[in-house]
S.K.: 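Let me give you the structure first, and then I'll get to my questions.
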Amino acid sequence: MSEDGLRAMLAERSGLDADSLWYPVHEVPRRFGLSWPLTAGQAEDVLAGLLDRLRLVLPAPRHEGPGPRYVCLSEITGRYQRTDTRRVLERVRRRGATPAVPAFGGGDYDPRSERGWGARPPAAPEHAGTPDWSWWRLVRKAGPRPLYRMPDPHMGEGAPPVDRALALRNRTGDPAAYRAALTAALREDPRHTDCWAHLGSAALDGTGTDQAALEQALGYYQTAVAVAELSLPPTFTGVLAWDEPDNRPFHRALHGLGLTWWRLGETAKATAVFTNSLFTNPDDQQGIRYLIGQTRSGVPWRAADGL
């Protein structure tokens, strides 16, 4: 197989533009110790290696100081599911990620205030399941923490892209047009976390244990979380309260990512994501306290309470 032929195959399998793959394919002889043309077996081995490299996560930021903090996606997994996630993140970095800012007048979240769950939250089963409170000790140990608001990339007039896509779906009942509208918005500006998260939700809906659909959802949710993380400082110890609407896309993405990893049997990764959710939003409007105990115990998704 020729260099051009391998580049075309890599473009087909990765979903990336062939022109953007010129350099990694051109470097194949040096990196793999091979010469053109490749045999069919060599081509398959090289393609597997190149696709794996495209999925490598960006290096985790350097953290400062001890104590509880948000754990970045690149500390939870070594590979992105999508081959374009890394390039999306590099594009956002070049464009300039907007940082999260203090919310609610620069106030703090104090777990020992009336807003918190108290020193001994009730552990009895409830209508939504049995809550797990081990994460709450981590939150109480962290003490008062500043409240932050995530940026909203929508700067134009009219409804945000995700709202326009939802309106289109409701009006036409066409899920393909809905997904196409979300994808078009991301081509224009990949910082729209909610568009990535809604694509993940669309892939996740009704999948059961369909491996291909779950992996597609995983890729969307990972990209949503990774894009949102670019707005956080390297060591994030603050709170992103659900009460602030601009924080909800990030929390929807975390929730979806945790559920998807759980469905795929990756309970340790799901637990890490759910811990992030609860650490950054201790009020837990999403009910993650009913899920994290099961993932921490390794309970399979299909055997979980209420699922």
Side-chain angles (χ1 to χ4, degrees), residues 63-73 75-76 99-152 193-194 197 225 228-229 231-259 261-262 267-297 299 304-307:
H63 300 292
E64 300 177 359
R69 61 172 175 82
Y70 176 90
V71 178
C72 296
L73 180 63
E75 298 175 87
I76 299 172
V101 298
F104 302 107
D108 287 347
Y109 173 88
D110 187 349
R112 298 179 186 275
S113 69
E114 293 182 357
R115 181 173 181 172
W117 293 98
R120 295 180 178 275
E126 303 173 11
H127 69 281
T130 303
D132 178 275
W133 295 104
S134 56
W135 60 274
W136 180 240
R137 291 192 291 272
L138 180 73
V139 172
R140 284 177 63 84
K141 178 182 177 182
R145 293 181 287 142
L147 291 156
Y148 283 87
R149 174 174 59 83
M150 295 293 280
D152 179 3
T193 299
D194 226 6
V225 170
E229 286 180 350
S231 294
L232 300 178
T235 302
F236 183 66
T237 58
V239 171
L240 297 163
W242 181 269
D243 294 348
E244 173 51 67
D246 287 344
N247 292 337
R248 295 177 187 179
F250 185 35
H251 287 304
R252 282 191 282 266
L254 287 171
H255 187 204
L257 178 58
L259 287 176
W261 258 328
W262 191 3
T267 53
K269 292 178 180 177
T271 301
V273 174
F274 288 153
T275 301
N276 276 339
S277 296
L278 292 164
F279 183 69
T280 55
N281 181 40
D283 289 345
D284 188 29
Q285 288 87 345
Q286 295 169 291
I288 292 171
R289 62 191 180 277
Y290 301 110
L291 310 179
I292 191 170
Q294 298 177 79
T295 59
R296 182 178 287 111
S297 299
V299 177
D305 292 344
L307 297 175

S.K.: Output all residues satisfying salt bridge (Lys or Arg N to Asp or Glu O under 4.0 Å) with D110, sequence neighbours left out; order by chain, then residue number.
M.R.: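 Per chain and number, D110 pairs via salt bridge (Lys or Arg N to Asp or Glu O under 4.0 Å) with no residue.
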S.K.: Output yes when R289 and D283 qualify as a salt bridge under the 4.0 Å nitrogen-oxygen rule, no when they do not.
M.R.: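 The answer is no: the pair does not qualify as a salt bridge.
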S.K.: Is any side-chain heavy atom of L240 less than 4.5 Å from a side-chain heavy atom of F236?
M.R.: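 Yes. Closest side-chain heavy atoms under 4.5 Å.
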S.K.: Show the atom names and distances, to 0.1 Å, of all donor-acceptor pairs under 3.5 Å that link a side chain in residues 136-147 to residues at least two apart or in another chain.
M.R.:
from	atom 1	to	atom 2	distance (Å)
W136	NE1	G118	O	2.7
R145	NH1	T237	O	3.2
R145	NH1	G238	O	3.0
R145	NH1	F279	O	3.0
R145	NH2	F279	O	2.8

S.K.: With heavy-atom distances below 4.5 Å as the criterion, would you say the side chains of V273 and L254 are in contact?
M.R.: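 A side-chain contact under 4.5 Å exists here.
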S.K.: Return the CG to CG distance between N247 and D152, rounded to the nearest 0.5 Å.
M.R.: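 Interatomic distance, N247 CG to D152 CG, rounded to 0.5 Å: 11.0 Å.
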S.K.: For the residue pair M150 and A228, what are the closest heavy atoms and their distance?
M.R.: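 Scanning both residues, the minimum pair turns out to be CE-O, 3.3 Å.
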S.K.: So, for P122 and P131, which heavy atoms are closest and what is the spacing to 0.1 Å?
M.R.: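 So the two residues come closest at O-CG, 3.7 Å.
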S.K.: Give the minimum heavy-atom separation between F104 and A241, together with the two atoms involved.
M.R.: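 Distance-wise, the nearest heavy atoms are CE1-CB, 4.3 Å.
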S.K.: Measure the spacing between CG of N281 and CD of E244 and express it to the nearest 0.5 Å.
M.R.: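 Answer rounded to 0.5 Å: 12.0 Å.
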S.K.: Using the test salt bridge (Lys or Arg N to Asp or Glu O under 4.0 Å), find all partners of E75 that sit at least two apart in sequence or belong to another chain.
M.R.: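 Testing E75 for salt bridge (Lys or Arg N to Asp or Glu O under 4.0 Å), a comparison that skips the adjacent residues, returns R69.
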S.K.: From W133 CH2 over to L278 CG, what is the distance, rounded to the nearest 0.5 angstrom?
M.R.: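 Answer rounded to 0.5 Å: 9.0 Å.
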S.K.: Could you tell me whether the side chains of E229 and Y70 share a donor-acceptor contact shorter than 3.5 Å?
M.R.: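 Checked: E229/Y70 side chains pair up, N/O donor to acceptor below 3.5 Å.
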S.K.: Let me confirm one number: the CD1-CG distance from I288 to D132, rounded to the nearest 0.5 Å.
M.R.: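 Reported to 0.5 Å precision, the distance equals 12.5 Å.
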S.K.: Heavy-atom distance under 4.5 Å between the side chains of Y148 and V101, does that happen here?
M.R.: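 No; the side chains remain at least 4.5 Å from each other.
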S.K.: Would you say the side chain of P282 lies within less than 4.5 Å of the side chain of V239, judging by non-hydrogen atoms?
M.R.: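 They are in contact (side-chain heavy atoms under 4.5 Å apart), so the answer is yes.
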S.K.: Working to the nearest 0.5 Å, report the span between CZ of R149 and OG of S231.
M.R.: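 Answer rounded to 0.5 Å: 11.0 Å.
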S.K.: Can you measure from OG1 (T271) to CD (Q294) and round to the nearest 0.5 angstrom?
M.R.: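 One finds 10.5 Å between OG1 of T271 and CD of Q294.
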